[in-house]
A.B. asks: 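Starting off with a structure, shown below.
For reference, positions follow the sequence shown, starting with 1.
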Amino acid sequence: MGRRRVIALVGIDGTGKTTQARQLARWLCGQGIPASYFENGGGRPVFDRLARVLGRRDGVALFGRRAYPMIEATLRGVGIARALVWSRLTRRTAVMDRYTYCQYAMMRYRGDRGERLVQAAYSWFPRPDLVCFLAAAPDRARDRVLARGIDTEEPDHLQARDRAYRSLPEFGGFVVVDADAELTVVAEALHRAVRQSGF
């Protein structure tokens, strides 16, 4: 491998991004491609829990509709930057659990202002060599979220977020993976996508 590479797994909550990204990093290492897993969340579950403790509905209600997207985008941007710097220094492939597209989709879903500002701030981040969109039925994704015991989601909200992802201009370049399948089947699909992308 002559250069650092980036793989991003994106999609709505409950599609198995974290599980599959960790597995993919291990699999790449087993194939002789040094790789590291990186989580690039925006802090939404933490902010929502804090908001409920303080008697607010969610993070948006806690921080306000203008401030919250910028806080979230800043945290995600710091996470992505840290991962990219570490990947460059260690010459390891970065397997990203979420990427810039997750922020764009979330902002579209909520109707936040400032998407262009966030895109400009993120413009120095490289386009990943491979972006895999894990697609799952909202009901199944909701059940997985509930099983984690960390957060809750409603199917109609998950469906709206799925539509937000699919509305992104970059979506046509994503590899869509059926995340409703068994974990091993999803993993095999990701392995094929990696091979086909030239790794």
Side-chain angles (χ1 to χ4, degrees), residues 6-21 23-24 38-45 48 58-60 65 68-70 72-73 75-77 79-80 83 94-123 125-146 148 151-183 185-194 196-197:
V6 178
I7 300 172
L9 271 58
V10 301
I12 63 174
D13 288 354
T15 56
K17 296 184 297 296
T18 299
T19 299
Q20 293 297 342
Q23 184 279 335
L24 185 57
F38 298 97
E39 183 176 4
N40 304 296
R44 186 174 62 87
D48 286 352
D58 55 21
V60 176
R65 289 193 59 82
Y68 182 79
M70 296 304 107
E72 185 182 60
L75 287 177
R76 196 183 303 280
I80 294 171
V95 180
M96 302 286 207
D97 175 2
R98 303 175 181 86
Y99 203 65
T100 57
Y101 314 112
C102 298
Q103 190 63 36
Y104 306 153
M106 183 60 74
M107 294 181 75
R108 287 191 176 198
Y109 157 73
R110 290 192 304 245
D112 295 334
R113 296 180 180 178
E115 184 181 338
R116 289 187 179 179
L117 178 62
V118 171
Q119 288 175 336
Y122 285 176
S123 63
F125 293 145
R127 180 175 176 83
D129 298 276
L130 173 64
V131 181
C132 292
F133 177 77
L134 275 60
D139 287 340
R140 185 165 175 81
R142 186 268 317 273
D143 291 344
R144 289 173 174 169
V145 170
L146 293 176
R148 292 196 305 239
D151 203 2
T152 60
E153 292 287 358
E154 293 299 325
D156 57 336
H157 293 178
L158 292 170
Q159 183 67 58
R161 289 178 198 163
D162 181 88
R163 287 195 298 270
Y165 270 106
R166 294 173 188 272
S167 75
L168 296 177
E170 299 91 349
F171 186 81
F174 296 174
V175 175
V176 179
V177 175
D178 178 11
D180 283 335
E182 294 298 322
L183 291 177
V185 176
V186 177
E188 289 168 2
L190 291 171
H191 299 169
R192 285 195 300 275
V194 169
Q196 291 169 1
S197 69

A.B. asks: If you define the side chain from C-beta out and look only at heavy atoms, does anything of Leu190 sit under 4.5 Å from Leu9?
C.D. replies: yes
A.B. asks: Just how far is it from atom CZ of Arg76 to atom SG of Cys102, taken to the nearest 0.5 Å?
C.D. replies: 5.5 Å
A.B. asks: Mind checking whether Gln196 and Leu130 have side chains closer than 4.5 Å, heavy atoms only?
C.D. replies: no
A.B. asks: Give the minimum heavy-atom separation between Ala120 and Ser123, together with the two atoms involved.
C.D. replies: O-OG, 2.7 Å
A.B. asks: Restricting to non-hydrogen atoms, name the atom on Cys132 and the atom on Val177 that form the minimum distance, rounded to 0.1 Å.
C.D. replies: CB-CG2, 4.4 Å
A.B. asks: Is it the case that atom CZ in Arg113 sees more than 12 heavy atoms from other parts of the structure closer than 6.0 Å?
C.D. replies: no
A.B. asks: Quick check against the 3.5 Å criterion: does Thr15 have a side-chain atom that pairs as donor or acceptor with the backbone of Ile12?
C.D. replies: yes
A.B. asks: Mind checking the NZ-CG spacing from Lys17 to Leu24? Nearest 0.5 Å is all I need.
C.D. replies: 14.5 Å
A.B. asks: Just to verify, what does His191 make a ring pair (Phe, Tyr, Trp, His ring centres under 6.0 Å) with, not counting sequence neighbours?
C.D. replies: Trp27
A.B. asks: Can you list the residues that meet the side-chain contact (heavy atoms from CB on, under 4.5 Å) rule with Val176, with sequence neighbours excluded?
C.D. replies: Phe133, Ala135, Phe171
A.B. asks: About how many Å separate CD of Glu115 and OH of Tyr122, when rounded to the nearest 0.5 Å?
C.D. replies: 11.0 Å
A.B. asks: Taking the side chain as everything from C-beta on, heavy atoms only, tell me whether Pro128 gets closer than 4.5 Å to Met96.
C.D. replies: no
A.B. asks: Looking only at heavy atoms, what is the nearest atom pair of Pro138 and Pro155, with distance?
C.D. replies: CB-O, 3.4 Å
A.B. asks: Please report the shortest heavy-atom distance between Ala164 and Arg108, naming the atom on each side.
C.D. replies: CB-CB, 4.1 Å
A.B. asks: The criterion is side-chain contact (heavy atoms from CB on, under 4.5 Å); which residues satisfy it with Thr18, sequence neighbours excluded?
C.D. replies: Arg22, Tyr37, Asp97, Arg98
A.B. asks: Would you mind reporting whether Glu170 and Val131 have side-chain heavy atoms less than 4.5 Å apart?
C.D. replies: no
A.B. asks: For Ala160, is there any backbone N or O sitting under 3.5 Å from a side-chain donor or acceptor partner on Tyr109?
C.D. replies: no
A.B. asks: Give, for atom CZ of Arg161 and atom CE of Met106, the distance between the pair rounded to the nearest 0.5 Å.
C.D. replies: 4.0 Å
A.B. asks: What is the distance from atom CG of Asn40 to atom CD of Gln103, rounded to the nearest 0.5 Å?
C.D. replies: 11.5 Å
A.B. asks: What closest approach, in Å, do Ala181 and Arg140 show between heavy atoms, and which atom pair accounts for it?
C.D. replies: O-NH2, 4.4 Å
A.B. asks: So how far is it from Arg144 CZ to Asp180 CG, rounded to the nearest 0.5 Å?
C.D. replies: 6.0 Å
A.B. asks: Can you name the nearest heavy-atom pair linking Ala83 to Phe38, along with the distance?
C.D. replies: CB-CG, 3.4 Å
A.B. asks: Less than 4.5 Å apart, any side-chain heavy atom of Gln20 and any of Leu183?
C.D. replies: yes
A.B. asks: Measure the acute angle between the ring planes of Tyr99 and Tyr101, then classify it against the limits of 30° and 60° as parallel, tilted or perpendicular.
C.D. replies: tilted
